[in-house]
Amino acid sequence: MTPSASLKRIALIPGDGIGSEVTQEARKVLESLATKGSLPLETTTFDWGAEKFLREGVTLPEGALDMLRSEFDAIFIGALGDPRVPSNRHAADILLGIRFGLDLYVNQRPVKLLDARFCPLKNRGERDVNFVVFRENTEGNYVGLGGNFKKGTADEVAIQEDLNTRKGVERILVYAFEHAQRHRLTRICMADKSNALPYGHGLWRRTFEDVRARYPEIEARHVYADTVAMEMVRDPAQFQVIVTSNMLGDILSDLGAALLGGLGLSPSANIHPGKISMFEPVHGSAPAIAGKQVANPMAALLTAGMMIEHLGFPKEAGRIEELVKEALANDRVTPDLGGTLRTREVGDWICGRL
Ligand code: ATP
């Protein structure tokens, strides 16, 4: 940290289910770093989620995006989703409202194995599983374009469009190449299905050819997404950076999470370079285990690490990762990883080591 580092204001949205339990631990670790003076940070908590929606009918409050933009440096979100709201309307409004509203076009999901014992692959260690998936976050099949005709009848027709723009594809590809350059990585793989989707993914393929020409020092390959899935299991060490579309990124990064030991260890960031960004563990609200203090907070802690690294504190972020690693090595883990610790005990142990 530089002595002149300015105060960073974090909006915390714990959300639903295990979201609030794991966010509590992330807050503890962040505040611990702040109290020790190594991180000038202040958190403000917002109660947006199912409870508020059921009570007041409010999802993302009026003016929320402007407020986040003008008053905060980053957003940390736990998870959204509650069986009492079967449509999950509040989750879509809040999560997609922020993602689309703040134009957070980069979804960054590191696939970095911290402890080989939790990798389901045979004879693979930390050196074999260490790459990052960049998923386009604002386009593709997830924009909600489409409709049903003759819904609920035997003649029903459903259309779900896959939206791809030159601007949208180019900016995520450029971000991935820039990331590789900044981190001295030498290999990028672009995954698509341009063989089966010649229009939408043909655009990805052509844009990739244009962008890669600007980075001759980086070895850039195009590989069909189904092959990428297979190769991630067969030989993950070949990957450093994978860049892909919204839906394919969703799927491939969950496969990545499995390589690390599961959702309890998988962090993510939603970024718009130079503007406010949002950080969230990959897992959802897991209603089945909510309220029991058995959720693994490590994904949330690693996500907090990604957030402070993004805000300019790589040393403190590295410290969080080191301590998560140490907790794994010492079996200070929750039941999903075979341990007996409760959510808050993992957070306490890590805070104690700070
Ligand atoms: P949502 O509808 O919010 O996505 P979900 O339960 O369908 O919730 P996830 O929350 O992503 O989906 O999780 C699926 C399962 O993975 C959970 O039921 C739980 O068993 C496990 N899981 C996810 N996150 C964690 C965690 N942090 N710690 C322990 N187990 C987890």
Side-chain angles (χ1 to χ4, degrees), residues 12-29 48-54 59 76-99 107 109-111 114-115 117-118 120 133 135 137 142 246-247 249-268 270 278-306 320-321 324 327-328 331-350:
L12 283 182
I13 307 170
D16 307 326
I18 64 167
S20 50
E21 293 167 70
V22 299
T23 302
Q24 174 59 17
E25 302 315 305
R27 188 212 327 250
K28 239 159 61 181
V29 169
W48 307 339
E51 208 60 55
K52 188 179 179 73
F53 176 60
L54 291 168
T59 56
F76 181 100
I77 197 157
L80 289 157
D82 189 305
R84 291 173 299 164
V85 187
S87 65
N88 259 337
R89 200 198 116 193
H90 71 294
D93 276 11
I94 298 169
L95 209 55
L96 300 182
I98 295 177
R99 266 191 205 165
N107 189 227
R109 295 189 174 187
V111 181
L114 296 180
D115 189 319
R117 286 178 304 150
F118 300 109
V133 177
R135 160 187 171 192
N137 214 22
Y142 292 5
N246 203 339
M247 189 165 81
D250 193 358
I251 298 165
L252 291 177
S253 58
D254 266 26
L255 174 53
L259 300 182
L260 306 180
L263 288 171
L265 287 171
S266 190
S268 86
N270 299 270
M278 175 174 82
F279 299 80
E280 56 172 333
V282 169
H283 63 75
S285 62
I289 59 164
K292 299 183 177 142
Q293 280 287 314
V294 292
N296 185 348
M298 288 173 169
L301 301 183
L302 295 167
T303 299
M306 285 183 85
I320 294 180
E321 186 180 295
V324 168
L328 290 170
D331 289 322
R332 306 288 168 150
V333 293
T334 41
D336 57 308
L337 298 180
T340 53
L341 256 53
R342 315 202 120 229
T343 310
R344 85 169 64 83
E345 291 171 328
V346 175
D348 287 345
W349 191 84
I350 286 179

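Ligands are counted one by one from 1 in listed order, and the atoms in each one are counted from 1 as well.
- Between the side chains of Asp82 and His90, no donor-acceptor pair is found at a separation under 3.5 Å.
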> Run the side chain to side chain contact (heavy atoms under 4.5 Å, CB included) check on Arg135 and Asn246 step by step: do they pass?
Replying inline: CA-CA 5 Å; Arg135 160 187 171 192; Asn246 203 339; 2.9 Å; yes
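- For the atom pair NZ (Lys292) and OG1 (Thr343), the distance works out to 11.5 Å, reported to the nearest 0.5 Å.
- When heavy-atom distances to ligand 1 are checked against 4.0 Å, the residues falling inside are Ile18, Leu80, Leu263, Gly264, His283, Gly284, Ser285, Ala286, Pro287, Ile289, Ala295, Asn296, Asp336, ordered by chain and number.
- Residues forming a salt bridge (charged side-chain N to carboxylate O under 4.0 Å, His left out) with Glu345 (at least two apart in sequence, or on another chain): none.
- Among residues two or more places apart in sequence or in another chain, the salt bridge (charged side-chain N to carboxylate O under 4.0 Å, His left out) test is passed with Asp336 by none.
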Side-chain atoms of residues 278-288: list all donor-acceptor pairs with protein atoms under 3.5 Å, sequence neighbours left out, distances to 0.1 Å.
residue: Glu280; atom: OE2; partner: Arg99; partner atom: NH2; Å: 2.8
residue: Glu280; atom: OE2; partner: Asn270; partner atom: ND2; Å: 3.1
residue: Ser285; atom: OG; partner: Gly81; partner atom: O; Å: 2.8

